[in-house]
Amino acid sequence: MDARYNPQEIEPKWQGHWQSIGLDRTPSLTVDPQQPSKKFYALSMFPYPSGKLHMGHVRNYSITDVIARFKRMNGYAVLHPMGWDAFGLPAENAAIDRGVPPAQWTYQNIAQMRDQLQRLGFSYDWQREVTTCSPDYYHWTQWIFLQFWQAGLAYQQEAAVNWDPIDQTVLANEQVDSEGRSWRSGAKVEKRLLKQWFLKITAYAEQLLQDLDRLQGWPERVRIMQENWIGKSTGARVLFSSESGVGIPVFTTRPDTLWGATFLVISPEHPLVEKLTSPEQAAAVQAYQQAAASKNELDRTAEDREKTGVWTGQYAINPVNSQPIPIWIADYVLMGYGTGSIMAVPAHDQRDFEFAQKFGLPIQPVVFPADQAVEASEPLQAPYTGAGVLRHSGPLDGLPVAEAKIKVIDYLEQQGIGSAQITYRLRDWLISRQRYWGCPIPVIHCANCGLVPVPESDLPVILPENVALTGRGASPLAQLEEWRQVACPHCGQTAQRETDTMDTFIDSSWYFLRFSDARNPQQVFDSLQANGWLPVDQYVGGIEHAILHLLYSRFFTKVLRDRGLLQVDEPFLRLLTQGMVQGLTYVNPNKTGKDKWIPAHLVKPEDPRDPQTGEPLEACYATMSKSKGNGVDPEDVLRHYGADTARMFILFKAPPEKDLEWDDADVEGQFRFLHRVWRSVYEFIEQPGWAERWQVAQQGLTNLASQGSLTAAERDLRRAVHVAIQEVTEDIEVGYLFNTAISELMKLNNAMSDSGLVTSPVYAEAVLTLVKLLAPFAPHMAEELWSQLGEAGSIHQQTWPQVDAAALVADRITIVVQINGKTRGTFEAPAQITDAEQEELAKASEIAQKHLAEATIRKVIVVSKKLVNFVIA
RNA sequence: GGGCGAGUGGCGAAAUUGGUAGACGCACCGCACUCAAAAUGCGGCGGGAAACCAUGUCGGUUCGAGUCCGACCUUGCCCACCA
């Protein structure tokens with residue numbers, strides 16, 4: 001055995017070996033429902049193939065890989081796959097900028113990144129690799145779209161898109177900068193109405209909300225984010241009539257305040273605006289509508305929420321008290337939520353209050369604090385939104401708010417002017433993109449038959465490759481006449497293919513299902529396989545996907561369940577959101593924007609100054625990025641230290657959910673630790689007779705230990721071994737605490753080198769244990785040591801060590817002595833001490849003697865085998 | 001504005017479910033080895049001479065609080081005119 005640890009030599013060797021023996025292949029599941037396999041599905045969010053891994057990837061995949069390897073050693077059938085979220089805009093941009101076809105660019109990137117993943121030693125089953133831009137994958141994406149169509153969950157409707165008036169093209173949101181300008185032409189982006197495809201996720205709003213309660217293995221904040229995103233509101237729909245005879249429905253969460261509604265506000269985009277406008281106000285209303293239309297979201301927020309609006313010139317009738325109330329138009333009412341029109345109750349709503357104040361509209365309080373006997377005569381300074389009792393409210397007078405809310409619904413229903421209603425913030429999912437590099441929507445537009453889905457037997461609709469991408473003009477597929485024209489599957493007449501492609505979020509909303517049966521050419525997946533492997537037992541990824549990706553995946557799972565394809569309700573049982581990887585950078589406090597970041601390599605750490613201006617800089621950690629120049633390339637770490645060090649460092653440096661500060665010195669420290677482990681084993685093998693002791697350790701030392709033939713020092717070392725097993729196991733299993741798990745490995749290694757017992761069988765047991773416990777974290781080194789120890793098989797197929805409870809028991813324990821709760825000292829005692837003996841020994845101890853000499857003991861608290869606290873006067 | 005979370009040495013962080021605060025590591029200091037350095041090994045390392053003081057601040061509960069309760073300060077993230 002080489003005295004030196006040489007990762008550059010051993011890592012490629014084992015990677016090649018593992019590949020040749022198919023070590024990481026997924027075992028098949030027994031599908032007998034009486035005896036289900038102990039299965040575990042470990043999944044990292046698959047990457048976009050940008051061409052290069054970054055440290056965030058390394059962190060994500062290291063976490064999942066440890067879990068996968070740990071589960072395998074614990075006897076689970078593990079599915080641990082990897083794939084590529086390969087459709088998307090960057091490939092198209094590369095084509096526009098450099099003339100490389102998107103497919104070529106994408107597949108080259110995939111090849112590079114796959115190679116990197118393999119060199120990092122992640123135990124993926126590459127036979128199940130999926131690539132979303134490959135026809136054998138998007139075939140089934142299209143098939144799933146047809147399932148949605150058949151379920152009535154896919155539909156077309158006009159919607160606003162970003163339109164670049166210079167390049168005459170539709171832009172994705174990412175192609176519009178923060179000032180609302182096109183990334184290419186710099187033109188101010190306009191809104192344009194186009195027919196767009198939607199998926200009816202709102203039909204599942206209630207289920208998606210309810211089932212969040214079941215996801216106890218998810219971080220609470222992710223559940224809350226989803227809950228807020230779905231945004232359920234309970235209230236009532238009330239129908240107001242107007243002078244012109246048009247009915248105006250409003251949604252309110254405060255139907256109890258209906259008697260305080262003193263005006264109505266409708267959204268500028270509301271279809272009723274024209275009918276509700278008087279001729280003399282028409283010009284003003286149209287001007288306001290145009291102003292609202294030209295505003296983007298930025299303009300709206302930039303105005304600091306100063307209310308704007310215009311009167312229509314007409315009145316509505318408050319249906320409960322027949323009062324005429326003016327109808328206004330204002331952009332603080334959103335067309336996309338509720339009914340696009342509201343009843344304004346300025347006395348009890350902040351926004352309505354501001355609006356009423358600005359335009360001098362009446363304010364009628366109807367809720368008062370319960371203890372307020374007399375109404376204030378001065379006008380309200382602020383809306384009252386708290387609890388209270390109703391007044392001036394007809395049949396609701398005297399009722400508290402909560403009761404009034406219930407009672408008013410009955411009243412509205414009796415009068416035929418309203419009913420209870422639930423509203424969600426969640427909108428239907430706009431999935432069409434006027435882009436090339438995406439999954440074609442399998443629909444044909446026929447002049448005779450209308451919308452005709454492509455028959456399943458004609459799938460996949462292949463994305464053509466001979467496309468000129470310029471970033472200008474109509475949607476790329478629309479320009480391909482020969483591709484577009486197709487015979488209608490119904491009537492045979494010439495018809496047109498849909499030229500929109502799907503949002504790439506669709507591709508990633510079901511990839512975890514395909515992994516269960518990735519190579520199936522006949523079906524989207526075999527139900528037995530999917531039901532056997534799903535749900536994903538552990539999903540790991542970034543918090544940036546907390547809302548959309550996870551919500552869409554949940555939606556897809558439920559729809560496919562309702563189509564009879566799946567039996568699972570939720571795709572991801574446990575979720576871990578890992579923190580960012582941050583790099584050292586410097587900030588010039590006198591500069592703003594991008595210029596303020598000064599990359600660390602331009603700065604002398606002992607005297608950080610701006611290389612251009614000489615101004616002093618502040619050091620800080622920030623998420624690694626090109627613009628900050630603070631990225632660390634995984635390749636460099638691989639070259640210098642190897643994959644095992646990179647993995648160990650990234651797992652040790654911080655708990656997985658927290659942000660991690662990259663520090664080269666700490667990487668070095670991790671490398672040193674692996675060296676020390678290497679030497680612990682090396683020294684063991686250097687001793688004559690080690691092979692016999694190794695055999696003894698393999699048999700287990702339980703008998704030897706129970707015969708009492710171990711020395712005190714040996715029992716101490718053995719305790720350290722079994723404490724390590726217990727702690728590492730618990731840390732991985734219970735709380736993803738890889739940082740403390742690795743610190744336990746360090747403690748064990750320290751205990752071994754401090755013990756001086758290298759020729760004891762206990763040391764052999766320690767070596768055996770250390771190498772096994774290390775295997776999920778540093779798989780190459782563990783494998784190399786395993787082979788150096790004369791073992792033929794792979795360590796990754798060994799069973800995880802078991803704790804010998806007897807070995808954990810210490811001979812002597814430390815008891816703390818406190819006086820009035822303050823620790824004054826400790827003493828050693830036999831482990832089997834009784835409480836009474838413990839108290840006696842504490843009283844007799846030097847520390848106690850010193851402090852108790854002239855005091856009266858009022859009380860003694862004894863915590864078994866831990867401490868004795870004397871409460872003295 | 002609403003929601004959630006976090007404040008512990010020079011630094012990253014630990015702390016069994018209220019019981020020795022700072023495990024493990026980084027940095028630093030000293031020693032050994034070396035002509036010297038690197039590497040490695042050994043030792044030290046919250047503050048204070050000590051009594052003691054220390055987990056953002058101030059109170060509370062308790063024999064005992066980093067941990068529980070209340071108020072405040074600082075800070076991070078998510079959603080933000082959602083009726």
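Excluded from the calculations below are hydrogen atoms, water molecules and symmetry mates; all remaining heavy atoms, backbone and side chain alike, are included. Here is the naming used below: chain letters follow the sequence lines, and residue numbers restart at 1 for every chain. The model shown is predicted, which means the values in this text are computed figures rather than measured ones.
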(message) Taking only side-chain N and O atoms of A:Lys358, does any of them lie within less than 4.0 angstrom of OP1 or OP2 on B:C81?
(response) no
(request) Quick one: look up who B:A14 pairs with, Watson-Crick or G-U, both distances under 3.5 Å, and put none if it's unpaired. (result) none
(request) Quote, to the nearest angstrom, the C1' distance that separates B:A27 from B:G44. (result) 14 Å
(request) Using atom CZ of A:Arg223 as one end and atom C1' of B:G3 as the other, report the distance to the nearest whole Å. (result) 14 Å
(request) Searching all strands shown, indicate the nucleotide that pairs with B:A37 (Watson-Crick or G-U wobble; both distances under 3.5 Å). (result) none
(request) Check every strand shown and say whether A:Ile224 touches a base, only sugar-phosphate, or nothing at a heavy-atom separation below 4.0 Å. (result) sugar-phosphate
(request) Could you let me know what B:G43 is paired to, Watson-Crick or G-U wobble, both distances under 3.5 Å, or none if it's on its own? (result) B:C29
(request) May I ask you to verify if any side-chain N or O of A:Lys658 is less than 4.0 angstrom from the OP1 or OP2 atom of B:A13? (result) yes
(request) Both distances under 3.5 Å, Watson-Crick or G-U wobble: report the partner of B:C77, or none. (result) B:G3
(message) Looking only at the side chains, is there a donor atom on one of A:Gln350 and A:Glu354 sitting less than 3.5 Å from an acceptor on the other?
(response) yes
(message) If we ignore hydrogens and angles and just use 3.5 Å, is the side chain of A:Ser341 paired with the main-chain N or O of A:Val250 as donor and acceptor?
(response) no
(message) For the CD atom on A:Gln216, are there more than 12 heavy atoms of other groups (residues, nucleotides or ligands in this structure) within a distance under 6.0 Å?
(response) yes
(message) Say we look at B:A65 and B:G18: how far apart would their C1' atoms be, to the nearest angstrom?
(response) 6 Å
(request) Calculate the interatomic distance between A:Glu220 atom CD and B:A6 atom P; express it in whole Å. (result) 11 Å
(request) Determine the interatomic distance between C1' on B:C45 and the same-named atom on B:C28; round to the nearest Å. (result) 8 Å
(message) Please verify the inter-ring angle class for A:Phe671 with A:Tyr5; under 30° counts as parallel, over 60° as perpendicular, anything in between as tilted.
(response) tilted
(message) Go nucleotide by nucleotide along RNA chain B from the 5' end; which of A:Leu737 and A:Gly336 gets its closest nucleotide reached first?
(response) A:Leu737
(request) Quote, to the nearest angstrom, the P distance that separates B:G48 from B:G43. (result) 24 Å
(message) When you measure from the side chain of A:Asp659 to the backbone of A:Met580, do you find a donor-acceptor pair of N or O atoms at a distance under 3.5 Å?
(response) yes
(message) Can you check the distance between B:C11 and B:G1, where both ends of the measurement are the C1' atom (answer in whole Å)?
(response) 37 Å
(request) Name the pairing partner of B:G22, where a pair is Watson-Crick or G-U wobble with both distances under 3.5 Å, or state none. (result) none
(request) Look at the rings of A:Phe505 and A:Tyr552 and say which category their plane angle falls in: under 30° parallel, 30 to 60° tilted, over 60° perpendicular. (result) perpendicular
(message) Any base atoms under 4.0 Å from A:Arg4, or only sugar-phosphate, or nothing? Heavy atoms, all strands.
(response) nothing
(message) Without decimals, in angstroms, what is the distance between A:Ile819 CD1 and B:C52 P?
(response) 11 Å
(request) Please measure how far the P atom in B:A6 lies from the corresponding atom in B:G25, and state the result in whole Å. (result) 27 Å
(request) Examine distances only and state if a side-chain atom of A:Arg237 and a backbone atom of A:Thr339 form a donor-acceptor pair shorter than 3.5 Å. (result) no
(message) Each nucleotide in nucleotides 20-29 of chain B should get exactly one letter: B, S or -. Can you fill that in based on protein heavy atoms under 4.0 Å?
(response) BS-BBSSS--
(message) Can you measure A:Gln838 atom CD to B:G19 atom P for me and round it to whole angstrom units?
(response) 15 Å
(message) Between A:Lys859 and B:C63, is there a contact of a side-chain N or O with OP1 or OP2 at under 4.0 Å?
(response) yes
(message) Checking base pairs now: Watson-Crick or wobble, both atom distances under 3.5 Å. What partners B:C58?
(response) B:G70
(request) Determine the interatomic distance between P on B:U8 and the same-named atom on B:C58; round to the nearest Å. (result) 16 Å
(request) Consider only side-chain N and O atoms of A:Tyr332 and A:Asp352, and report whether a donor and an acceptor are under 3.5 Å apart. (result) yes
(request) Return the orientation label for the A:His545 and A:His549 ring planes: parallel under 30°, perpendicular over 60°, tilted otherwise. (result) perpendicular
(request) Rounded to whole angstrom, note down the P distance from B:A23 over to B:G12. (result) 15 Å
(request) Check every strand shown and say whether A:Arg824 touches a base, only sugar-phosphate, or nothing at a heavy-atom separation below 4.0 Å. (result) sugar-phosphate
(message) So, taking the atom named OG1 in A:Thr202 and the one named CG in A:Asp428, what distance separates them when rounded to the nearest 0.5 Å?
(response) 3.5 Å
Identify the pairs formed between an N or O of the protein and an N or O of nucleotides 77-79 of chain B at a distance under 3.5 Å, and give each distance.
residue: B:C79; atom: O2'; partner: A:Arg425; partner atom: NH1; Å: 3.2

(request) Measure the distance from CG on A:Asp754 to P on B:G41 and round it to the nearest whole Å. (result) 11 Å
(message) Between A:Tyr736 and A:Glu657, does the side chain to side chain donor-acceptor pair (under 3.5 Å) criterion hold? Intermediate values first, please.
(response) CA-CA 9 Å; A:Tyr736 324 113; A:Glu657 265 139 334; over 6 Å; no
(request) With syn defined as a glycosidic angle within 90° of 0 and anti as everything else, classify B:G9. (result) syn
(message) Can you measure A:Tyr424 atom OH to B:A83 atom P for me and round it to whole angstrom units?
(response) 13 Å
(message) Does the structure show a Watson-Crick or G-U wobble partner for B:U8, both distances under 3.5 Å? Name it, or say none.
(response) none
(request) Kindly determine whether A:Ser62 and A:Phe649 satisfy side-chain contact (heavy atoms from CB on, under 4.5 Å), including the steps that lead there. (result) CA-CA 10 Å; A:Ser62 296; A:Phe649 161 76; over 6 Å; no
(request) Send over the distance from A:His640 NE2 to B:A39 P, rounded to a whole Å. (result) 15 Å
(message) Just the rounded figure in Å: distance from C1' of B:G10 to CD of A:Glu661.
(response) 13 Å
